[in-house]
2 protein chains.
Amino acid sequence: MIRRTPQQPRERGIPDATVARLPLYLRALNGLAERAVATVSSEDLAVAAGVNSAKLRKDLSHLGSYGTRGVGYDVQYLIYQISRELGLTQDWAVAIVGVGNLGRALANYGGFVSRGFRVAGLLDADPEVVGDHIAGLVVEHSDELESVIAKRGVSIVVIATPATAAQAVCDRVIASGVTSILNFAPVVLTVPAGVDVRKVDLSIELQILAFHEQRKVNGGPVMGEEWAGEVS
Amino acid sequence: MIRRTPQQPRERGIPDATVARLPLYLRALNGLAERAVATVSSEDLAVAAGVNSAKLRKDLSHLGSYGTRGVGYDVQYLIYQISRELGLTQDWAVAIVGVGNLGRALANYGGFVSRGFRVAGLLDADPEVVGDHIAGLVVEHSDELESVIAKRGVSIVVIATPATAAQAVCDRVIASGVTSILNFAPVVLTVPAGVDVRKVDLSIELQILAFHEQRKVNGGPVMGEEWAGEVS
DNA sequence: TAGATTGTTAATCGATTAACAATC
DNA sequence: TAGATTGTTAATCGATTAACAATC
């Protein structure tokens, strides 16, 4: 049971839509910090993050009152508060399963390592790939999955395997006690309640673009074509 | 001006949330088709796609009445209708700018080529990479961006460059008349009205996972730590 | 006809936004 | 104090869901 002390009366439950935008604000704030900006208004930060300023203020109000009326937000302080809220002030050990081009791209991705995340394991089923040195790590065989998770305290697993292997990897990962999975394989993973799966799907984004592109070009789906198949 | 003839009275404007799910349904349907399933109920298709069946029926109702009461949906026919709605019955030429690990992963990604999309150009600024053969294409120099877009009828550009190069590439692409961009670089791109940018952000998904993981482990952000910085 | 399942209605829920009182 | 900007209210909008009449 989680006990709320009088010192932390803020109600739980930050809206999902807000959580999804916090990383955006964090990135914009880091950009400002690099340019040595000390204070920023909701209006300016909203422009940098590409959102409406009312939405930004509403989002930040869910975390607490970290701004100063008439002044704005202290950049460093807000970076700290958002980082803390997202859990980035602690270190998360991540394992990447599947070391093809995508897995390599992820392993080398600066954004992973920089803030809060540490790639603690790279695993692949292909003996040709096992032993390769990537981003300072040696690729291990997928057979080691359970022991890597246990020994290195992995709490988040990234699945970058072919679609056919993803569910089996997912099952083993969950059996090892991991409850946070980032899936790049183009399949819907089946998981028990309590396990969080987030999905990045490259082709879905492209299909959504095509939908809008089609409307620009044609004003809608092609109507001239006839359905050549049979309907039962 | 787009004129609506009496033959196509269906009102325009499929909700964004629906459009974003159509690719999911399409994938589930293709899975059923491979297993030679002829007909599927909204309940079964919903399970395969990982959504609520009421939502599925509501989504499909925006496209038209393609089901049969008491029976379900004809798999092949629904594949055709969703494909047409998404604009996948035509061929879109895609150029990928930035041929690092991520660009290579995208170029080799089966999902791109299979349905409606054709990688028509790979471009990179690094002379070391120019000339490489990837996925049946030769990598060209970024200087050729405008001519590749014009000569090969590219209508969708994927930006997989480092963050620092993304906005400049984006500007040139838009100047060449492209209005659909898929951005993998971790920056907010500034574009004029009428240009669609979709964004895939690898680290943002990880940060959202960390947020939820933290709540499982601690019940919330670490409260013991003190802010060590100064607030103006 | 009886059983099954769609397509739609209406209620509910959550997210967005403008406006402004609070306050630095 | 006067000007600026936050944090919050309340209205609006869009998405989700259960329920069921229509109908195959």
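Keep in mind that the numbers below use all heavy atoms, side chains included, and drop hydrogens, waters and symmetry copies.
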_Taking the minimum atom-to-atom distance to the side chain of B/Arg69, which one of D/dT16, C/dA15, D/dA21 wins?_
D/dA21
*asked:* In whole Å, I'd like the distance from the CG atom of A/Asp59 to the C1' atom of D/dT6.
replied: 14 Å
*Examine B/Tyr77 together with B/Tyr66 and report whether their ring centres are nearer than 6.0 Å.*
yes
*Has A/Ser42 got a side-chain N or O lying under 4.0 Å from the OP1 or OP2 atom of D/dT6?*
yes
*Spacing between B/Tyr66 atom OH and D/dT23 atom P, to the nearest angstrom*: 19 Å
*Between B/Gly72 and A/Thr18, just flag the one whose closest nucleotide in DNA chain C comes earlier from the 5' side.*
B/Gly72
*Give none if C/dC13 has no partner; otherwise give the nucleotide forming a Watson-Crick or G-U wobble pair with it, both distances under 3.5 Å.*
D/dG14
*Dump the intermediate steps for side-chain contact (heavy atoms from CB on, under 4.5 Å) on B/Val71 and B/Arg69, then the final yes or no.*
CA-CA 5 Å; B/Val71 177; B/Arg69 286 165 141 102; over 6 Å; no
_Value in whole Å for how far the P atom of D/dT6 lies from CD of A/Gln81_ = 17 Å
*Once you round it to whole Å, what is the distance between P of D/dT6 and CG of A/Leu78?*
11 Å
*Of the nucleotides C/dT5, D/dG7, D/dA15, which has the atom closest to the A/Ser65 side chain?*
D/dG7
*Taking the nucleotide of DNA chain D with the closest heavy atom to each, which residue, A/Gly70 or A/Lys58, is nearer the 5' end?*
A/Gly70
*asked:* Side chain of A/Asn52, heavy atoms from C-beta onward: which of D/dT6, C/dT6, C/dT17 has the nearest atom to it?
replied: C/dT17
*Whole angstrom is fine here: how far is it from CG in B/Leu60 over to C1' in C/dT5?*
13 Å
*Between atom CD in A/Glu43 and atom C1' in C/dA19, what is the gap in whole Å?*
14 Å
*Between CD on residue A/Gln90 and OG on residue A/Ser155, distance to nearest 0.5 Å*: 8.5 Å
*Complement of D/dC20, any strand, by Watson-Crick or G-U distances under 3.5 angstrom*: C/dG7
*Does a side chain donor of either A/Arg57 or A/Ser42 reach within less than 3.5 Å of an acceptor in the other side chain?*
yes
*List the atom of A/Ser53, the atom of A/Glu43, and the distance in Å for their closest heavy-atom pair.*
OG-OE1, 3.2 Å
*Measure from CG on A/Asp16 to C1' on D/dA15 and round the result to the nearest Å.*
14 Å
*For atom CZ of A/Arg57 and atom C1' of C/dA22, their distance in whole Å*: 13 Å
*Is any side-chain nitrogen or oxygen of A/Tyr73 closer than 4.0 Å to OP1 or OP2 of D/dG7?*
yes
_Side chain of B/Ser61 only, heavy atoms from C-beta on: which candidate in D/dA18, C/dT16, C/dG7 is closest?_
C/dG7
